Amino acid sequence: MKQTKIRTLLSSHNTGENVLVKGWVRTKRGNKNIAFIALNDGSTIKNIQVVADVSVFGENLLKEITTGTCLAVTGKLVESQGQGQNVEIAATSIDIYGKCDAETYPLQKKGHSMEFLREIAHLRPRTNTFGAVLRIRHAIAFAIHKYFNDKGFFYLHTPIITGSDAEGAGEMFHVTTLDMGNVPRTETGAVDFSIDFFGKPTNLTVSGQLEGELGALALGEIYTFGPTFRAENSNTPRHLAEFWMIEPEMAFYELNDNMDLAEDFVKYLIRYALDNCHDDLEFLNNMIDKGLLDRLRFVTENEFVRMTYTDAVKILVDSAEKWEYPVGWGKDLQAEHERYLVEKHFKRPLILTDYPKEIKAFYMKMNDDGKTVRAMDVLFPGIGEIIGGSQREENYDKLLQRIREMNLPERIYWWYLETRKFGTAPHSGFGLGFERMIQFVTGMSNIRDVIPFPRTPKNAEF
RNA sequence: UCCUCAGUAGCUCAGUUGGUUAGAGCAACGGACUGUUAAUCCGUGGGUCGUAAGUUCGAGUCUUACCUGGGGAGCCA
């Protein structure tokens, strides 16, 4: 007989049908005569109830069925006599694939702390919370590809290993095949990378943007969606050393087009989750974050506020708040400032634009004032900066001037500069932190709990 | 990396001004119960108090260093 997924069975009306399900035991209850086994196969957050007669299966077999045990159950799909579920399986045979020693199995019927579950990341996907998060993570990933594909964007695969530093900022992980116990040296004592695998120093990418621009200046509209690596010693609930990023890059888009796309994109993703992940979101709304569903609906139904950095600074200066960090034009906005604007002043997502050039990356397009650049940051409640983007500087001379002003290694950007020499075009793009998006959609407060196997300082166990 | 809080049973925690035999709830295990819903009820076992040093007659409790984790900050997505 062919296996049926529990998700399918729970919405089935074909009672009387013989079915086969396979999954893991969540709980077992019962008495001398009858056992109730809640079985979950990961297809949905809901379990199917398997009803087993002790007289048919014997106490010995049922004794072996404990929380975590993997089973194959055949039986008849019947209307449930009890409350809490419409259908259940009256078991006719039960095969145990894998027993699960109840004394040492770390997952119990009751809830666990997120901190404890991180220590057993190999088993935590079996919990309701992580099952829900991982299904939603999948759904959003799928929605990202669907959104861009439907709009005619092309998925561009930018390299993971790179010889350039995309923004001149941020520590990078080195990639090498040199013998770390016996590092070759040049005559001057420097590491001799000429005999390394690539013949030069290489790193794991911190962003696919620069290569993404090359794609946009040929294919029109592209996006990247891949892992990104930052060797920063960041210990916060919003940072990972390995995270996934989506970076659309569009020829002929100016900053307003870029903002329109960013807003439409994130609203699409949230709406997709609301439309396709109802059971999981409802669980998270009940167990993790009571305001989750209301917040998701609010974001999809309301326009994001758009305002310049300069106007935002005015609001902050005029407010009665006491700041730990001073506010003033030219200073970068601190977390407390962003939080005030998003959560107290506007109470909705906010897009800030036209930041001072000094606090932004070299590739952003200079405004006519010569002081600000065409940057945009999308700020979300609870998350902070979820998107950072800009219109790119398409003028060769201005771009070169910025590289020199910021003392960046001009030589390694030769191919990037050539795009401005050969048929340059106005273009824009942005980066969305995938895990931060999942945090917002799931209500999970720590980014380590929205990726299966988080990579953070001192943690690469699984 | 900085600030701050924490680390005691499988899990979540309590443990008094330092005091002699370390506590609870849940889980597990044994039993009871004719359909349960995180079942319920009765009972049982379970501890190198994060690691190392120090102070003291005596340290879970005080001191120092280190390790690990949470929260906040910085960096950013």
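Naming: A, B, ... by sequence-line order, numbering from 1 per chain. Because the structure is predicted, anything quoted here is derived from the model rather than measured.
- Counting only distance, with no hydrogens or angles, the side chain of A/E385 and the backbone of A/D377 share no donor-acceptor pair below 3.5 Å.
- Pairing partner, B/A28: B/U44, with both Watson-Crick or wobble hydrogen-bond distances short of 3.5 Å.
- Atom pair A/I383:CD1 and B/G72:P shows a separation of 12 Å (rounding to whole Å applied).
- When the shell of 6.0 Å around CD of A/E17 is examined, it contains more than 12 heavy atoms from other residues, nucleotides or ligands.
- B/U63 sits 15 Å from B/G19 when the P atoms are compared, rounded to a whole Å.
- Across B/G70, B/C76, B/C75, the shortest atom-to-atom separation from the side chain of A/N446 is found for B/G70.
- Remark: side-chain polar atoms of A/R339 are not paired, donor with acceptor, to backbone N or O of A/Q334 under 3.5 angstrom.
- The same atom, C1', is picked in B/U12 and in B/U8; the two are 12 Å apart, to the nearest Å.
- Contact between the side-chain N/O atoms of A/Q334 and the OP1/OP2 oxygens of B/G74 is found at a separation under 4.0 Å.
- OP1 and OP2 of B/U36 both lie 4.0 Å or more from every side-chain N or O belonging to A/R26.
- Residue contacts shown for A/L432 are absent, as no nucleic acid heavy atom lies under 4.0 Å away.
- When the P atom is used for both B/A22 and B/A65, the distance is 31 Å, rounded to whole Å.
- The shortest distance between the side-chain N/O atoms of A/N31 and the OP1/OP2 oxygens of B/C33 is not below 4.0 Å.
- To the nearest angstrom, C1' of B/U37 lies 15 Å from CG of A/L39.
- As a whole-Å value, the separation of A/I89 CD1 from B/U37 P is 20 Å.
- Near RNA chain B, meaning a heavy atom under 4.0 Å away, the residues from residues 46-57 of chain A are A/Q49.
- Between the C1' atom of B/U40 and the CD1 atom of A/I34 lies a distance of 17 Å, rounded to the nearest Å.
- Near RNA chain B, meaning a heavy atom under 4.0 Å from it, residues 235-245 of chain A has A/N235, A/T236, A/P237, A/R238, A/H239, A/L240, A/F243, A/M245 in order of number.
- Looking only at distances, a side-chain donor or acceptor of A/T236 sits under 3.5 Å from a matching main-chain atom of A/R238.
- B/U63 and B/A53 make up a base pair, with Watson-Crick or G-U wobble contacts both under 3.5 Å.
- Nucleotide B/C33 holds its C1' atom 15 Å from the NZ atom of A/K28, rounded to whole Å.
- Atom C1' of nucleotide B/G70 and atom CG of A/L117 are separated by 15 Å, given to the nearest angstrom.
- The aromatic rings of A/F380 and A/F440 sit perpendicular to each other, their planes meeting at more than 60°, with 30° as the lower class boundary.
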Summarise protein proximity over nucleotides 6-12 of chain B in one line of letters, 5' to 3': B for base, S for sugar-phosphate only, - for none, counting protein heavy atoms closer than 4.0 Å.
----BSS
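- Using cut-offs of 30° and 60° for the angle between ring planes, the A/Y147 and A/F265 rings count as tilted.
- Only the P atoms considered, B/A38 is 24 Å distant from B/C33, to the nearest whole Å.
- The partner of B/C2, taking Watson-Crick or G-U wobble pairs whose two distances both stay under 3.5 Å, is B/G72.
- Taking the nucleotide of RNA chain B with the nearest heavy atom to each of A/N33 and A/G388, the more 5' of the two is matched to A/N33.
- If you check B/U36 for Watson-Crick or wobble pairing at under 3.5 angstrom, you find it has no partner at all.
- Within a 6.0 Å radius of NZ in A/K267, other residues, nucleotides and ligands contribute more than 12 heavy atoms.
- Heavy atoms of A/Q81 sit under 4.0 angstrom from at least one base atom.
- Between A/F153 and A/F148, the angle of the ring planes lies from 30° to 60°, which puts this pair in the tilted group.
- Contacts of A/E88 with the nucleic acid, taken as non-hydrogen atoms under 4.0 Å apart, include base atoms.
- Nucleotides B/U48 and B/G60 have their P atoms positioned 14 Å apart, rounded to a whole Å.
- The interatomic distance linking A/N233 (CG) with B/C2 (P) rounds to 9 Å, in whole Å.
- To the nearest 0.5 angstrom, A/H337 atom NE2 is 10.0 Å from A/D332 atom CG.
- Taking 4.0 angstrom as the limit, A/R29 places a side-chain polar atom (N or O) nearer than this to OP1 or OP2 of B/A39.
- Pairing partner, B/A9: none, since no Watson-Crick or wobble contact has both distances short of 3.5 Å.
- For A/Q85 (side chain) and A/Q83 (main-chain N/O), a donor-acceptor pair under 3.5 Å exists by modelled atom type.
- Judged by distance alone, the side chain of A/T202 and the main-chain N or O of A/I161 form no donor-acceptor pair under 3.5 Å.
- Pairing for B/U17 is absent, judged as Watson-Crick or G-U wobble with the two contacts each under 3.5 Å.
- Taking side-chain N and O atoms only, A/R118 has no distance below 4.0 Å to OP1 or OP2 of B/U68.
- Side chain of A/A102, nearest nucleotide from B/C29, B/G35, B/G30: B/C29.
- Residue-level contact check: A/Y325 touches the backbone only, with heavy atoms under 4.0 Å from sugar-phosphate atoms and none from bases.
- A distance-only check finds a donor-acceptor pair linking the side chain of A/S43 to the backbone of A/R7 [under 3.5 Å].
- The main-chain N or O of A/G429 is found under 3.5 Å from a side-chain atom of A/R392 such that the two form a donor-acceptor pair.
- For A/S234 and B/C75, a side-chain-to-base donor-acceptor distance below 3.5 Å is present, hydrogens and geometry of angles not being considered.
- Side-chain atoms of A/E435 come within 3.5 Å of backbone N or O of A/W244 as a donor-acceptor pair.
- Within a 6.0 Å sphere centred on CZ of A/F142, other residues, nucleotides and ligands contribute 12 heavy atoms or fewer.
- A/Q85 comes within 4.0 angstrom of a nucleotide base, judged by non-hydrogen atoms across all strands.
- If you take CG of A/L107 and P of B/A28, they are 12 Å apart, rounded to a whole angstrom.
- Note on A/A335: only backbone sugar-phosphate atoms sit closer than 4.0 angstrom, heavy atoms only; bases stay farther off.
- Between B/A39 and A/T27, a contact under 4.0 Å exists linking OP1 or OP2 to a side-chain N or O.
- Just one residue in the list A/Y223, A/F243, A/F225 forms a ring pair (Phe, Tyr, Trp, His ring centres under 6.0 Å) with A/F434, and that residue is A/F225.
- Here A/T228 lies out of heavy-atom contact (under 4.0 Å) with every strand.
- Out of B/C76, B/A73, B/U1, the shortest distance to the side chain of A/D332 is found at B/C76.
- To the nearest whole angstrom, the two C1' atoms, one in B/U68 and one in B/A27, are 24 Å apart.
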